[in-house]
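For reference, the structure discussed in these notes is given below.
Values reported hereafter were calculated over all heavy atoms of this structure, with side chains retained and with hydrogens, waters and symmetry mates removed.
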Amino acid sequence: MSVVSLLGVKVVNNPAKFTDKYEFEITFECLEALEKDLEWKLTYVGSATSDQYDQELDSLLVGPVPVGVNKFLFEAESPNTSRIPDADILGVTVILLTCAYDGREFVRVGYYVNNEYDSDELNAEPPAKPIIERVRRNILSEKPRVTRFAIKWDSDASAPAEYPPEQPEADLVADGDEYGADEAEEEAEEDAIAVAVEKPNEPVGADAEMAGVETGPEIAEENGQEEDEMSEDGSVDIEGESEDELEEEEEGHGEGVDVEEDAMEVDGIDKQHASAATAKGESVAS
């Protein structure tokens, strides 16, 4: 739990001229006495393309901090325009109000700032060289972006848990032992085993690949079958095959399937699986 909690920030002078000071009324609560001061900072983001244009407008040490609710006024000078690219003076940018304890930041409040000229004519046709005296800023104070960080305060008990946790065993793994082909093969084998356990009647491995082949006109022609032998759903009409064709298929293979031993009724066979068996050269009794 944080010892110091930010309760509210009020932008005092808004909108204002670009060259005016920034003024914030800050309210926070301290739950216990602190040994050190709180350090508040205001940073102006000069460009969205590089942080080299960021400017720390001012910093303030607040302390000793009494226990309870505290309020103070934080003032900061406007940014130095010579350190901001001319193309980034106008438009939307960001200011960051942060607070740290003993060098450890525990809260950050970000505001969008819109910089534009005070007349429609200049906004419609801005000059090549910005006229700083005519630029006004408007801080979107209603929509701050607040980020809090867990830090160690005065006691070790207040220190947050280390994250991520230490993993000394990770150093024992060789650099080359990364997740790759071996693990992928093991997962594939496990998936195949799981399929075999859940559906023992379905083919696994090479048979599964053949069983998944769609039997269309092209495959039918490769097996010597005409398109008129195909049924409407794209599967082969096994009943239409003659016994001579089946015998020729058996004679064409040295080790054919024992038809009598593996005989089964055509009506009980999945047509897609039967067509795959035909594609592999197996014969099915009708």
Side-chain angles (χ1 to χ4, degrees), residues 2 4-28 34 36-65 70-152:
S2 179
V4 176
S5 299
L6 182 63
L7 300 181
V9 178
K10 178 182 178 182
V11 183
V12 177
N13 56 339
N14 188 53
K17 292 183 178 181
F18 186 88
T19 54
D20 288 349
K21 288 184 177 181
Y22 289 88
E23 297 182 12
F24 298 94
E25 186 180 85
I26 301 174
T27 306
F28 66 93
L34 297 176
K36 300 179 177 63
D37 297 339
L38 297 176
E39 183 179 14
W40 296 85
K41 290 183 181 180
L42 183 63
T43 302
Y44 183 89
V45 178
S47 176
T49 59
S50 175
D51 58 0
Q52 66 175 330
Y53 302 109
D54 293 357
Q55 298 183 43
E56 182 181 312
L57 302 183
D58 206 344
S59 63
L60 176 67
L61 293 176
V62 177
V65 180
N70 300 271
K71 181 185 295 185
F72 70 98
L73 185 65
F74 182 25
E75 295 183 352
E77 296 292 336
S78 61
N80 185 354
T81 55
S82 64
R83 297 175 54 187
I84 305 174
D86 290 344
D88 294 321
I89 290 180
L90 297 176
V92 179
T93 186
V94 173
I95 56 173
L96 299 173
L97 177 65
T98 63
C99 189
Y101 181 75
D102 196 18
R104 297 182 288 272
E105 181 180 329
F106 64 90
V107 67
R108 175 183 301 177
V109 184
Y111 293 97
Y112 288 109
V113 182
N114 184 34
N115 298 317
E116 61 181 1
Y117 286 112
D118 56 3
S119 68
D120 296 337
E121 292 78 9
L122 289 174
N123 287 323
E125 296 182 4
K129 184 68 174 178
I131 306 175
I132 304 301
E133 295 76 13
R134 300 293 302 274
V135 178
R136 293 180 63 84
R137 68 167 187 255
N138 185 14
I139 302 174
L140 277 68
S141 57
E142 299 83 4
K143 298 180 179 181
R145 300 293 187 269
V146 182
T147 307
R148 295 177 174 84
F149 308 94
I151 66 167
K152 174 187 174 183

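A distance of 4.5 Å separates CG in D102 from NZ in K36, rounded to the nearest 0.5 Å. Note: D88 CG to T81 OG1 = 13.0 Å, rounded to the nearest 0.5 Å. How far CD1 of I95 is from OH of Y44: 9.0 Å, rounded to the nearest 0.5 Å. Within the model, atoms CD of Q52 and OG of S47 stand 8.0 Å from one another, a figure rounded to the nearest 0.5 Å. Here E56 contributes atom CD and K41 contributes atom NZ; the two are 4.5 Å apart, rounded to the nearest 0.5 Å. Atom NZ in K71 sits 12.0 Å away from atom CD1 in I26 (nearest 0.5 Å).
For W40 and F72, the ring centers sit closer than 6.0 Å to each other.
Under the 4.5 Å side-chain criterion, counting only non-hydrogen atoms from C-beta, N115 is in contact with T93. For the pair N138/N14, a side-chain contact is recorded, criterion being any heavy-atom separation below 4.5 Å from C-beta on. At a threshold of 4.5 Å between non-hydrogen side-chain atoms, the residues P79 and F18 count as touching.
The two residues P144 and S141 come nearest to each other via the heavy atoms CD-O, 3.5 Å. The nearest pair of heavy atoms linking N13 to K21 is ND2-O, 2.6 Å. Smallest separation of non-hydrogen atoms from K129 and D86: NZ-OD2, 3.6 Å. Contact record, L61 with E39: CD2-CB, 3.7 Å, taken as the closest heavy-atom pair. Annotation for G46 and P85: closest pair O-CD, 4.4 Å, computed over non-hydrogen atoms. P130 and I89 make their closest contact through CG-CD1, 4.1 Å (heavy atoms, listed as atom of the first residue, atom of the second, distance).
Between Y111 and F24, the ring-plane angle classifies as parallel under the 30° and 60° cut-offs.
Under a cutoff of 6.0 Å and an axis angle of 45°, R137 and Y22 form a cation-pi pair.
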Item checked: Intermediate values then yes/no, side chain to side chain contact (heavy atoms under 4.5 Å, CB included), R104 and F149 -> CA-CA 9 Å; R104 297 182 288 272; F149 308 94; over 6 Å; no
Next item on the list: Report the C-alpha distance between L97 and F74 in whole Å, list the side-chain angles of each, state the deciding distance to 0.1 Å, and finish with yes or no for side chain to side chain contact (heavy atoms under 4.5 Å, CB included).
Entry: CA-CA 10 Å; L97 177 65; F74 182 25; 3.6 Å; yes
Margin query: Test side chain to side chain contact (heavy atoms under 4.5 Å, CB included) on I132 and T19; report intermediate values, then the result.
Written below: CA-CA 8 Å; I132 304 301; T19 54; 3.8 Å; yes
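Put simply, the side chain of R145 gets close to the backbone of K143: a donor and an acceptor are under 3.5 Å apart. Q55 places a side-chain N or O within donor-acceptor distance of the main-chain N or O of N80, the cut-off being under 3.5 Å.
Applying the side chain to side chain contact (heavy atoms under 4.5 Å, CB included) test between V65 and each of V4, D37, L38 identifies L38 as the sole match. Between Y117 and the options R134, R136, E125, a side chain to side chain contact (heavy atoms under 4.5 Å, CB included) holds for only R134.
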